[in-house]
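Just below is one structure, and these are the notes that go with it.
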Number of protein chains: 2
Amino acid sequence: MTDLADLRLTPQRMAVLEVLRAADDHPTAAEVYERVRRTSPRIGSATVYRTLSLLVSTGRALELNLGDGAAARYDANTCRHDHAVCDGCGRAVDLDHPVPDGMMAEIARRSGFAITGYDLQFRGMCPDCQANSSDPARAAGGTGPTVNTHAKGALHAEA
Amino acid sequence: MTDLADLRLTPQRMAVLEVLRAADDHPTAAEVYERVRRTSPRIGSATVYRTLSLLVSTGRALELNLGDGAAARYDANTCRHDHAVCDGCGRAVDLDHPVPDGMMAEIARRSGFAITGYDLQFRGMCPDCQANSSDPARAAGGTGPTVNTHAKGALHAEA
DNA sequence: AGTGATACTGAGATTCGTTCTCAACCAGTG
DNA sequence: CACTGGTTGAGAACGAATCTCAGTATCACT
C-alpha cells in the first residue's frame, strides 16, 4: 500500500474525495470531473484522474469495471461488496452478500493461485426496467424473484 | 438467440472464428487481428472488431472484461465459467466452479433484479508469479498445489 | 525570511482501443 | 443483365486514460 505519509491532502484531492463520498451512484471519472468542477472550476481532468487512481491505490476508493465496455467507475464505499448491474439502464446497485469462504479456498486450491480478492457482478434487469419493458401490470408487484436464466446470450453455450 | 439465418459465413468470419477456437489464451481483439492476418493478410481491423461482436452477440464467443483497464478479451469457450486473473502477469485461467444457485436466487430476491447472469473474476498471483516474486527457492520445489503451471492453461477438471 | 528540493497542478498532446463512414465489392434474385 | 442488400477494408473519428512539461505550491532547513 502506497505510504499514506507522502500523500498530501491538497484542496483538489479533498474536492475529489468529497464528490466521491457524496455520490451514491457510481460515477465515472468524467462524471467526477464534472461534479468537482462545480466547486473547483480550475481543476484539470488530469488531476482528477491522478487523484482517483491515488485514492484507489491507497484504499480510499474502489474502481469498478462494470464491463459495459465503457469507462471505469468509482465507489467511495470501500467495504467488500458486489454489484448488480442493470442491462436496461446501466445502473449498478450495491450488494452485500459475500462469496462463501469455502468457495475461495476451493478455487485457490484448484488453481494454485494465491487469491487476494474477487470481482463479482450480477447482470439483469432492475425492478424499474422490468416494469417498463415487460408488461407494466406485473411489474408493480415486483417482488417476484424471477431468476430468469434465459435472456440474451448471457449464459448459454451452444456447443 | 439472434437469428443464425442472417449470419453469412464469409471467409473473413470463418478466419476469425478459427483463430478464436484455436486460442487457448484469452486474446484481445488486437491479438485476434494479428493472428488472423497470418492467414488472411488483407483483412481489416474493422472487420475483426465487427466479427467479434457478431460472434459475441450470437453466442459463439464470450467477451471478457478482466478489469485490467485494458482491452476486452475474447473466449471461444462459451460454457459458463469464471476466471482467475494474475496480478503479476495478467494471465487469466479458466475456472469451472459456478456460484451456487441459492446465492443467485438470494441476490435476486433481495435486490428485486431479474438476474440473467454474472461475471466473476478472482484476483491473485498465479503459481509462476508467486515463485518469481517471493523467495525463488520455494518456487522450484513447488510447495503449493502447483497445478498446471504452464501459461494459457485452462484448468478445469482438476478433481 | 530565504533557499533548495520535492511534490502537485493544469493544459494540451498523445496513446490506445474501438467504432464510424464510405466507396468498392460480392452474392444472390428477378 | 441490372438491382438489392449485406460485407469489406482503409482511414477518419471518437472517448477514455495517460503522459509531458512548465509553472506553482509546500516542505525541511538554515
Side-chain angles (χ1 to χ4, degrees), chain A residues 2-20 26-58 60-75 90, chain B residues 2-20 25-58 60-75 90 92:
Chain A
T2 329
D3 269 20
L4 304 186
D6 60 356
L7 190 171
R8 281 190 208 163
L9 221 45
T10 67
Q12 291 89 341
R13 289 175 182 179
M14 295 255 294
V16 170
L17 191 50
E18 273 310 302
V19 162
L20 213 53
H26 301 85
T28 63
E31 285 163 350
V32 172
Y33 176 45
E34 187 203 332
R35 292 177 202 178
V36 170
R37 279 220 286 183
R38 296 212 272 265
T39 59
S40 313
R42 299 201 35 76
I43 201 170
S45 67
T47 300
V48 171
Y49 277 98
R50 268 186 304 236
T51 302
L52 285 171
S53 55
L54 190 72
L55 293 176
V56 168
S57 71
T58 58
R60 286 171 173 76
L62 253 39
E63 184 177 338
L64 314 179
N65 245 296
L66 300 187
D68 46 351
R73 295 174 172 275
Y74 295 86
D75 193 340
Chain B
T2 326
D3 269 18
L4 303 186
D6 61 355
L7 191 173
R8 277 193 212 160
L9 223 45
T10 66
Q12 290 88 341
R13 289 176 182 177
M14 295 256 292
V16 170
L17 190 50
E18 272 312 300
V19 162
L20 212 53
D25 51 351
H26 302 84
T28 63
E31 285 162 351
V32 172
Y33 176 45
E34 186 203 333
R35 293 177 201 178
V36 170
R37 278 220 286 184
R38 296 212 271 262
T39 59
S40 314
R42 301 201 34 76
I43 200 170
S45 67
T47 300
V48 172
Y49 277 99
R50 268 186 305 236
T51 302
L52 284 172
S53 55
L54 190 71
L55 293 176
V56 168
S57 70
T58 58
R60 287 171 173 74
L62 252 37
E63 184 178 338
L64 313 179
N65 244 298
L66 300 187
D68 48 351
R73 294 174 173 275
Y74 295 86
D75 193 340

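Throughout, a chain's letter reflects where its sequence line sits, starting with A, and its residues are numbered from 1.
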* Do you know the tightest heavy-atom contact between A:Y33 and A:S45? -> CE1-N, 3.5 Å
* To do: Starting at atom CD of B:E31, determine the distance to atom C1' of C:dC16, rounded to an integer number of angstrom.
  => 14 Å
* Any salt bridge between B:R35 and B:D25, counting N to O under 4.0 Å? -> yes
* **N/O donor-acceptor pair, side chain B:R8 with base C:dG28, under 3.5 angstrom** => no
* **Nucleotide D:dT8, atom C1' - distance to OH of B:Y33 in whole Å** => 12 Å
* Starting at the 5' end of DNA chain D, which residue's closest nucleotide do you reach first, A:A29 or B:P11? -> B:P11
* Under the side-chain contact (heavy atoms from CB on, under 4.5 Å) criterion, do A:E63 and A:Y74 qualify, and how do the steps go? -> CA-CA 5 Å; A:E63 184 177 338; A:Y74 295 86; 3.9 Å; yes
* Asked: Reckon A:A30 touches a base, only the sugar-phosphate, or nothing at all at heavy-atom distances under 4.0 Å?
  -> nothing
* Asked: When the distance from CG of B:L9 to P of C:dA27 is rounded to whole Å, what number comes out?
  -> 14 Å
* Structure fact -> From the candidates C:dG17, C:dG10, D:dA16, the one with an atom nearest any side-chain atom of A:A71 is D:dA16
* Counting only side-chain N and O atoms of A:Y49, is one of them less than 4.0 Å from OP1 or OP2 of D:dA17? -> yes
* Proximal nucleotide (of C:dT19, D:dT26, D:dG9) relative to the B:Q12 side chain -> D:dG9
* Is any side-chain N or O of A:T47 closer than 4.0 Å to OP1 or OP2 of C:dG10? -> yes
* Where the side chain of A:R42 is concerned, which of D:dA16, D:dG11, C:dA11 is the nearest nucleotide? -> C:dA11
* To do: Provide, to the nearest angstrom, the distance between the CZ atom belonging to B:R37 and the P atom belonging to D:dG9.
  => 11 Å
* **Rounded interatomic separation in angstrom, taking CD1 from A:I43 and P from D:dT24** => 18 Å
* To do: Evaluate side chain to side chain donor-acceptor pair (under 3.5 Å) for A:T10 paired with A:R8, printing each intermediate quantity in order.
  => CA-CA 6 Å; A:T10 67; A:R8 281 190 208 163; over 6 Å; no
* To do: Apply side-chain contact (heavy atoms from CB on, under 4.5 Å) to B:R73 and B:E31, showing your working.
  => CA-CA 9 Å; B:R73 294 174 173 275; B:E31 285 162 351; 4.0 Å; yes
* Asked: Rounding to a whole Å, what distance do you find between B:L54:CG and D:dG6:C1'?
  -> 12 Å
* Under the 3.5 Å rule, do the base of D:dG6 and the side chain of B:R50 count as making a donor-acceptor pair? -> no
* Contact class for A:T10 (heavy atom, under 4.0 Å): base, sugar-phosphate, or nothing? -> sugar-phosphate
* To do: Take the protein atom CE of B:M14 and the nucleotide atom P of D:dT8, then report the distance between them rounded to whole Å.
  => 12 Å
* Out of C:dT19, D:dT7, D:dA10, which has the shortest distance to the side chain of B:R13? -> D:dT7
* Asked: To the nearest angstrom, how far is B:L52 atom CG from C:dT19 atom P?
  -> 10 Å
